[in-house]
Each structure stands twice: as C-alpha cells, then as structure tokens.
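I have placed the structure first, in the form of structure tokens, so that the comments after it can refer back to it.
For clarity, every value in this text was computed on a predicted model and none was experimentally measured.
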Amino acid sequence: RERKDRLVESLLGRASPVEAKYLVKIMIGEMRTGFQEGLMELAVSRAFSTPLELVQKASMLTGDIGEVAYLLKEHGEAALSKLGLRLMRPLKPMLAQMAESPREAIEEHGGETAFEYKLDGARIQIHKVGEKVKVFSRRLTDVTDSLPEIVQAVREGVKAHEAVLEGEVIAVGRDGHPLPFQHLMRRFRRVYEIEKMLREIPVKLYLFDLLYVDGESLIDEPYLERRNRLSRVVEGIPLTEQLVTGNPAEAERFFRKALEEGHEGLMAKRLDSPYKPGVRGKHWLKIKEPLEPLDLVITAAEYGYGRRHGWLSDYYLAARDEETGEFLVVGKTFKGLTDQEIIEMTERLKRLAIMEEGNRVVVKPEIVVEVAYNEIQKSPKYKCGMALRFARITRIRDDKSPEEVDTIQKVRKIYEKQFEKKARL
DNA sequence: CCTGATGCGTC
DNA sequence: GTCGGAC
DNA sequence: GTCCGACGACGCATCAGG
C-alpha cells in the first residue's frame, strides 16, 4: 500500500497539472472525454490511411481496437482485409434495438419476421474445436470454467468438429421453469465452489445462432440459413423457441405465451439478415413488457456528475407501508426525466430538503412519480427486502399526494405474483 | 482470519 | 440494462 | 441513426484494515 502511494505520488509530482488531471482520470477510470471506441476507430483509420469501414469491420471481428492498430502497423491494410472469424477468439455479439410490439417488428421487417423467445439469462458465445470448448460472455471474457455443464452439453450435442455458436444460458428450477435472473449470477463468474453450486443452481443452454462450422464462416449468410444449419448441427441441446410469421395476431399470441412461461419477451430477427458483429441495428429487435407501473414518492436525491453536475438527478423511490405508515425505499433511478425536468425537480427538492449529508439530500416525502420497471428482485440492500429492476420515471404525478402512493403490500403482491410464472429456489 | 468496501461484470 | 441528448 | 454518458439492480472476487 505504502509502495503504491509513493509510486503514485512521484508520478504525479513529475506531471504537469494537465498531465496529472488525466493520469488521475485514467487511474480512477473516469475519463468522460467523449472519446470511446467509435472515435478510436476513426483515429486508427486516419493514422494508417485505411478506410474507416475496414477498421470498423476488423474491430468488430477481433473485439479489440488495439489489436487492429497493431495489425495495421506491423502488417498493413492487407492483414485487415483477410481478417476473418477466428476460432477460439471471440467476436463482438450482434445487438438488438427496442421495438414496442410484435406488430411493429413485422412491419419493420417488411411483412414477415422470425420471432424467438427472449430468455432472461446471459448471452454466451461458444467456440468448439474437437473436444476443446471455450465459452465467452457478452463482453468477451472467458467464462468457460464457471459453466462445466454447458461445456459438457456442447461436447455431446454439437455434431461438428469446429463450430462457433451463440446462445443464452439461464438458471432453471426443478420443474424446468426459469429462475429469476439474480440466481444465474451466482453461477456466472464463479471461480470457487463451482461443483457445489452446480447442484444448487442448475443452468441450461438455449442456442440461437451458428456463426461458423467446419471451416466455413456463416456470418454473411442470411439468418434463416444460419438457423437451419444450427438445427442440423445440434442434437439434444434446445434451440430458443421460434415462430416465423407475418400475422400480427399470431405473433401477439406467441409473445403472450413467452411471457406466460416466465420469459422476458421476444426477439424479432429479419429473415435475410447477415450476422453483424457489434452492431445494434434494426435487423434484430427486442420486445419486452414492463410490469404494472407504480406510483412512488421521492424521499431523497443525489447530486449528479459530469453533465449533471449541480443537479439533483438521482432519486430514491419509496412505497408506503400501510401497517406503520412509513415510506420504504424500493429503488433508485436517474432515468426518464429530461434535462429541463431535472432542473425543475432540483429546485423543488431543494425546497423540501430536511437534511444534507455528502452528496445526498433527504427530502420531505411529497413529490410523487409514476415508475416503470421490468422485475421486482429480492434485495439484500433495502429494508423492505425488494428492489425494482430497471426502474425509470415515466410521469410526474403532481395530481397525487404522498398518502396515495402504492403500498409495500402491493409491491410484495406483485413480487409474489412473478412466481406464478417463474421457479423459486 | 474475518469483515466491509470497492471493482467489475451480468442484465 | 434504460433513457435523453448531441451530432 | 448512432454514439455516448448518465447511472440502476445484483453477486462474486479482491482488497484494505482491524
């Protein structure tokens, strides 16, 4: 510790003020310069006089802009052009945009599309060469060791010598129903006691894409072709439930069925779309449905950072306990308000301030907001034992008084209702 | 050796 | 992961 | 349309400090 202190001290001592500022920013990992991978790709493209598209493509394929720059410097443009999908080296996953409804997805995709169940788990990319299997997470970290049963399933169920596959891993209960997402997290990046947890929380793989098989890259093949090849290459590993349709009513029924079975919603995939690594576009759409909105009261707020400096932009949301009359926090959010609304909210909250400690201002419970969210999780952090997942403000309810906000008892009822569709540990 | 805080990844 | 804002 | 930063919930690993 002392050695570290001294090293940092001497480094900063030798730096100019501006250098010191950025050294500290690097050390604490808060750059906030607006400079991220997008601009870096542009910079690399200019530095080596290489077309931007080529740099972007290579960046997506390797998932590593540093490596792209290195390749360009050492081997030139030719090395990038012949860069393809490489076994045991993960590529960035293709991402989806939001859509409101199955109908909207059908229209966006030109009259017909492929719907798949969207499972509430973790995305994985699997590389197989013979008996050797590697499993990568969404951000391309190697999670092979945490998921031995997935490795085993792939060895047994993928009937190809070489393959790159994508799927979702979820935690499942004894009845086969999905467990809430938080249980999966107990398995996902675990290094210790893997064997013990393996029995406690079983995980299950559902495959949905095939990017490479026995020497052949499929990423430029259309979705339907990849999906067909996938179904022919696996045995005994389930694929995500799928329905190809142009009928909005049929699609809507499929959506309801997915939700009824405890899943998150649907994906809609354009039938002729190639696999575009790292791209969040309209080829893939995700459709979810929030739970019934809650009216909650703001009991405290925190000052924001960066562009939100000086504004109370992060709000504690509370429900009323009808037994004690107390307001109990069920989550925090900074999402949903526009800059203008945050400024106005800051003024109102300052007038209601009761106590200020550090970055946090405790306020008189008075301002009521409507809040959307996707799940109620069991919480080790909040007193009431529950927390909203992905909470965001959808409306300021100036027509409601704090006495009229929803109760903890109602929140608990919604929490319990989730287990009609999901498994319990 | 144990515990609470922090870091980092999943969503 | 969601959302609003900048370009 | 795309990128970016503003930060939410968990849970495990790791670290600092008693």
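Comparing B/dC11 with D/dC7, their C1' atoms are spaced 14 Å from each other, to the whole Å.
Mapped onto DNA chain D by nearest heavy atom, A/G304 and A/G281 fall at different nucleotides, with A/G281 at the one closer to the 5' end. Taking the nucleotide of DNA chain D with the nearest heavy atom to each of A/V279 and A/M197, the more 5' of the two is matched to A/V279.
The distance from atom CG of A/L296 to atom C1' of D/dG8 is 14 Å, rounded to the nearest whole Å. Here D/dC3 presents its P atom at 10 Å from CZ of A/R280, a figure rounded to the nearest Å. Atom CH2 of A/W311 and atom P of D/dC7 are 11 Å apart (whole Å). Atom CD in A/E100 sits roughly 13 Å away from atom C1' in C/dT2 (whole-Å rounding). Distance CG (A/L95) to P (D/dC4): 13 Å, rounded to an integer number of Å. As rounded to whole Å, 14 Å separates atom P of D/dC7 from atom CD1 of A/I393. Atom CG in A/L294 sits roughly 15 Å away from atom C1' in D/dA9 (whole-Å rounding). Atom CD of A/E193 is separated from atom P of D/dG11 by 16 Å (rounded to the nearest Å).
The aromatic rings of A/W284 and A/Y275 sit perpendicular, their planes meeting at an angle over 60°, well past the 30° parallel limit.
Scanning for side-chain hydrogen bond (donor to acceptor under 3.5 Å, both in side chains) contacts around A/E200 gives an empty result, with sequence neighbours left out. Take A/V361 and apply the side-chain contact (heavy atoms from CB on, under 4.5 Å) test, not counting sequence neighbours, and it matches A/Y303, A/L312, A/A353, A/E356, A/V363. Residues satisfying the ring-ring contact (aromatic ring centres under 6.0 Å, His included) criterion with A/F115, sequence neighbours excluded, are absent altogether. With sequence neighbours excluded, the residues satisfying side-chain contact (heavy atoms from CB on, under 4.5 Å) with A/K128 are A/V133, A/V154, A/V158.
Near DNA chain B, meaning a heavy atom under 4.0 Å from it, residues 361-392 of chain A has A/R389, A/F390 in order of number. Contacts between residues 164-190 of chain A and DNA chain B, defined by a heavy-atom separation under 4.0 Å, are made by A/F181, A/M185, A/F188, A/R189.
For D/dT14, one of the phosphate oxygens OP1 or OP2 lies less than 4.0 angstrom from a side-chain nitrogen or oxygen of A/Y192. For A/K332 and D/dG8, the shortest distance from a side-chain N or O to OP1 or OP2 is below 4.0 Å. Between A/K282 and D/dG1 there is a side-chain polar atom (N or O) within less than 4.0 angstrom of OP1 or OP2. Here A/K286 reaches the OP1 or OP2 of C/dT2: one of its side-chain N or O atoms lies under 4.0 Å away. Note on A/S137: every side-chain N or O is 4.0 Å or more away from OP1 and OP2 of B/dG9.
Applying the side chain to side chain donor-acceptor pair (under 3.5 Å) rule to pairs touching residues 47-63 of chain A yields A/E41-A/S59, sequence neighbours excluded. The list of salt bridge (charged side-chain N to carboxylate O under 4.0 Å, His left out) pairs with a residue in residues 341-355 of chain A, not counting sequence neighbours, reads A/R348-A/D398. Residue pairs meeting the ring pair (Phe, Tyr, Trp, His ring centres under 6.0 Å) criterion with at least one member in residues 336-395 of chain A: none, sequence neighbours excluded. Applying the side chain to side chain donor-acceptor pair (under 3.5 Å) test to pairs two or more places apart or on separate chains, those with a residue in residues 185-199 of chain A are A/E149-A/R187.
With C/dT2, B/dC11, D/dC7 as the choices, the nucleotide that has an atom nearest any side-chain atom of A/D314 turns out to be D/dC7.
Checked by atom type, the side-chain pair A/E289/A/N374 shows no donor-acceptor distance below 3.5 Å.
In this structure, A/E19 contributes its side chain and A/S16 its backbone to a donor-acceptor pair below 3.5 Å.
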Pull out every protein N or O sitting under 3.5 Å from an N or O of nucleotides 5-7 of chain C, one pair per line with the distance.
residue, atom, partner, partner atom, Å
C/dG5, OP1, A/D339, N, 2.9

Which donor-acceptor pairs under 3.5 Å do side chains of residues 167-180 of chain A form with protein atoms, sequence neighbours excluded?
residue, atom, partner, partner atom, Å
A/E168, OE2, A/G121, N, 3.0
A/E168, OE2, A/A122, N, 3.3
A/D175, OD1, A/H177, N, 3.0
A/D175, OD2, A/H177, ND1, 3.1

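Residue contacts shown for A/Q97 are limited to sugar-phosphate atoms, with no base heavy atom under 4.0 Å away.
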